[in-house]
Amino acid sequence: MDTYKTHSSHWGAFSGRYSDGKLDVRPHPGDPHPSPLLGNLPAVADSSARIRRPAIRRGWLEGKPGNAQMRGADDYVEVSWPQAADLVAKELQRVYGDYGPQAVFGGSYGWSSAGRFHHAQSQVHRFLNVLGGYVRSVNTYSSGAAMVIIPHVLGPYDHFDRKSVTWDAIERSSELIVAFGGMAIKNTDVHGGGNSVHVVPQKLNGARARGARFVLISPLKDDFPKELNAEWLPIIPGTDVALMLGLAHVLVNEGLHDRAFLDRYTVGYQRFEDYLLGRTDGVAKSPEWASGICGIDADAIKNLSRAMAGARTLITVSHSLQRADYGEQPVWLGIVLAAMLGQIGLDGGGYSYSLGALGNVGKHLLAVPLPTLSQFKNPVADFIPVARIADMLLNPGEEYHYNGQRMHYPDIRLVYWAGGNPFHHHQDINRLRAAFRRPETIIVHETAWTSSARHADIVLPATTTLERDDIGAADRDPLMIAMKRLIEPVGEARDDYEIFSEIARRLGKFETFTENRSSREWLGFLYETTRKALAADGHEAPDFETFWERGEISLPLKPDDGGPARVFRNDPSAFPLKTPSGKIEIFSETIESFGYDDCGGHPQWYPGRTKSEDEALYPLHLVCNQPHQRLHSQLDYGAFSRSTKIKDREPVRINPEDAARRGIADGDIVRLFNSRGSCLAAAVLSTDVHNGVMQLATGAWFEPDDRTAEYAMCIHGNPNILTRDTGTSKLAQGSTGQITRVEVERFVGEAPPVRIFEKMTFAKAATGR
Ligand SMILES: Nc1nc2c(c(=O)[nH]1)N[C@H]1C(S)=C(S)[C@@H](COP(=O)(O)OP(=O)(O)OC[C@H]3O[C@@H](n4cnc5c(=O)[nH]c(N)nc54)[C@H](O)[C@@H]3O)O[C@H]1N2
Ligand SMILES: Nc1nc2c(c(=O)[nH]1)N[C@H]1C(S)=C(S)[C@@H](COP(=O)(O)OP(=O)(O)OC[C@H]3O[C@@H](n4cnc5c(=O)[nH]c(N)nc54)[C@H](O)[C@@H]3O)O[C@H]1N2
Ligand SMILES: [Mo]
């Protein structure tokens, strides 16, 4: 394999060539700002972290009672593929036969890899549906709170605001961009399914060159690119709602709010105003009140509010704000603030959730559908909000609230995971470890020995995209890419499709699962969806072989016409929103009727849940944000990710004053701790971090100091050993992993070596099942 071939990833299109045992990767020539994450890919070909053969946890194989207690601490035994497939088939048959599909959790959250056919999520859901269904998960770790609140306020998630404000409109028309949580360029490197043109840096620079003003509201200064010279209002994490209320208060107090807009396009403003001005609770949400909570000067709040009323203003709210206690509130209040400015639906003005959090939001919409594998229908009604996984496993049968419903956790016997890493993405890892000891069997398909693989009973080695052919395409990405196999499968790794096909064969479901198509036949079949739509609209519509030969095709885009927000603004009675009132709901009778104490009928300030409990002992806020050096935990063993580690640990950024007070110097290994756990990391002193705040990105693979300990310390630097596993509120039950409270100290003594990327050693074959 010695010519360059086209391929794609969540962080960009590229071409690759494998020769002399090395993979060389070149960014797509049309990408103006390729992602440095491409530098993690070459390691895929030969890393010792890859899983090379099927492996079974020894305790599970021996089948001794109580053996589940050993999950995470046990040895593995390598087996042949036929043996592994037999074991999985037999176990699925037993669990489906004895308990039914309600006992199988196939929520299997995770980003897996780009590629429309070999998409692990689609594959595992399709497979489990063929067997009779599974308990699913709803919503995402990304947007757990927003996905529930936005439909109440604006109508379907990912319709109104995320499809209305484009980068072009910002470059063309925005005068003031107020970004809550910023728009870190590193985050726009990535979009699920592909991101072949990285346009954000040049669009922001274009707006800046035209004279647009940027205001960054964040605990970190680098949540906007430095070149923009954004004004930084360093905020205490978790207090944006107070700031937004202060801004809204100034608007009302100075008569700057747009009454006509509020009357015509919204409902419930008056009830919100009564709260804002303190008529209902005796507390005016004045700039002085806000300042005391969020730490931003009252005059700065007044000035910003006046500036917002006097310019074409865009308000953006990042995902991070809602991945926190009461995360519904800043998303909702941002919408209310934009409505008070009356600019929703104007070019370059109004509101956009998640602009700058993902690479393709803000690009033009595609005018044709993308190839999509059918997952069939799931007959099981049971589901959990995705971040309630540990609660579910620990508390079968227990009642909880979700979006107006009283729900009960199902009793899960078997967990099947493909394409995600719960020991990366879930909060309070020590609690998750306890939860993972509950089910009878855990099956994982993985490409590498992640910590999730190390907590499974049956580990099946999956290929990466580099080892297979696929079609690369994503929402709002203008290119469809022929993802050509670049390397041979590593070890005995197999495609998820092939693995599921073999297990399905043993269960008599091969034909249903595969529809008798080979992988290559599937690609041709799925491609037809897009080709037919192209042809129907009079575009060039090459056949599959021509597409494959060329390596890519351009997809037609919808015009930049202001989207659903403009349509609504132009004629709200002809095009009402899909909300109960047809308008923007500043007050929601529906939510009010749920009677929740943590999410009421209008957006409001709830004091942080962690405050009283943790503040004295754990005075620092830890921001656990997305890593710039990788996508989540993926390819943490890659060269770029590893180049950022210090003494093999994940870097934690600390304000120099906070460090000095604790005798911590740049480069020291430090221990972060709170009541839930602790981890080691390497200190980086930086004034880009607000005082009282530290920042430790997610994604360092969890490595416990003691595999058997109930309260393990992660020696590598995974922040989820510290985060709280509680839902955002009874409404959405979203993840709150973004911020937690900790204390930090210099680590004294010899730090244990990080071994997580080293070759696994296996136990000798055991007897049993
Ligand atoms: N504290 C805290 N925690 C967070 C967040 C936070 O801000 N703070 N952010 C959250 C967010 S927004 C998200 S989206 C989640 C991300 O959580 P995940 O999506 O679970 O994280 P990834 O590391 O992308 O996990 C994908 C896994 O799939 C595997 N994989 C890749 N390709 C394939 C394939 O083809 N087949 C198979 N079988 N496996 C494959 C990879 O090796 C990797 O282990 O994390 C969440 N966790
Ligand atoms: N390079 C890279 N890019 C990614 C990802 C990745 O893993 N790597 N993951 C992708 C995914 S799945 C998602 S969902 C998005 C996530 O998008 P986000 O959740 O928005 O991204 P984060 O980097 O976690 O957070 C953005 C910033 O919010 C700020 N912040 C934290 N808490 C607060 C607060 O209380 N108030 C304010 N005002 N600011 C706060 C932090 O300084 C942080 O840097 O990113 C995507 N992009
Ligand atoms: Mo996400």
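Read the numbers this way: they start at 1 and go in the same order the structure lists the ligands and their atoms. Computation of the quantities below employed the complete heavy-atom set of this structure, encompassing side-chain atoms and omitting hydrogens, waters and symmetry-equivalent molecules.
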Practice task
Tell me the residues surrounding ligand 1, counting only those with a heavy atom closer than 4.0 angstrom, sorted by chain and number.
Solution key: Y109, G110, W111, S112, S113, A120, Y141, S142, R323, G419, G420, N421, H424, H425, Q427, H445, E446, T447, T450, A462, T463, R468, D496, C624, Q626, H632, S633, Q634, T698, N720, T723, G737, Q738
Fill in the blank from the handout: Here the atoms of ligand 2 under 4.0 Å from any heavy atom belonging to G238 are 34 (C), 35 (O)
Handout entry: Parallel, tilted or perpendicular, as decided by the 30° and 60° cut-offs, for the rings of W417 and F436
Key = tilted
Problem - Test: R630 cationic atom under 6.0 Å from F640 six-membered ring centre, within 45° of axis - result: no
Practice task
Compute whether any side-chain donor of one residue and acceptor of the other, for R50 and T447, lie under 3.5 angstrom apart.
Solution key: no
Exercise for the section: Pull out every atom of ligand 2 sitting under 4.0 Å from any heavy atom of D240, numbered as shown with elements. Expected result: 34 (C), 35 (O), 36 (N), 37 (C), 38 (N)
Exercise for the section: Decide whether S196 and D477 meet the rule of one side-chain donor and one side-chain acceptor closer than 3.5 Å. Expected result: yes
Handout entry: Whether A184 lies under 4.0 Å from ligand 2, heavy atom
Key = no
Exercise for the section: May I ask you to check whether W232 and F224 place their ring centres under 6.0 Å from each other? Expected result: no
Problem - Short N or O distance, S218 and ligand 2, threshold 3.5 Å exclusive - result: yes
Fill in the blank from the handout: ligand 2 atoms nearer than 4.0 angstrom to some heavy atom of P237 are 35 (O)
Problem - Pair F702 and H424, ring centroids less than 6.0 Å apart - result: no
Exercise for the section: Go through ligand 2 atom by atom and flag the ones less than 4.0 Å from a non-hydrogen atom of L220. Expected result: 42 (O), 44 (O)
When the side chains of residues 181-190 are checked against the rest of the protein, which donor-acceptor pairs come out under 3.5 Å, sequence neighbours left out?
{"residue": "K186", "atom": "NZ", "partner": "Q626", "partner atom": "O", "Å": "2.7"}
{"residue": "T188", "atom": "OG1", "partner": "I185", "partner atom": "O", "Å": "2.8"}
{"residue": "D189", "atom": "OD2", "partner": "S35", "partner atom": "OG", "Å": "3.3"}

Practice task
Heavy-atom distances under 4.0 Å are what count here, so tell me which part of T239 touches ligand 2: side chain, backbone, both or neither.
Solution key: neither
Exercise for the section: Assess the side chains of T728 and Q322: does a donor N or O sit below 3.5 Å from an acceptor N or O? Expected result: no
Handout entry: I217 N/O to ligand 2 N/O under 3.5 Å
Key = yes
Practice task
Could you tell me whether Y109 and H426 have their ring centroids closer than 6.0 angstrom?
Solution key: no
Handout entry: Reported CG-to-NE2 distance for the pair N360 and H198, which is rounded to 0.5 angstrom
Key = 8.5 Å
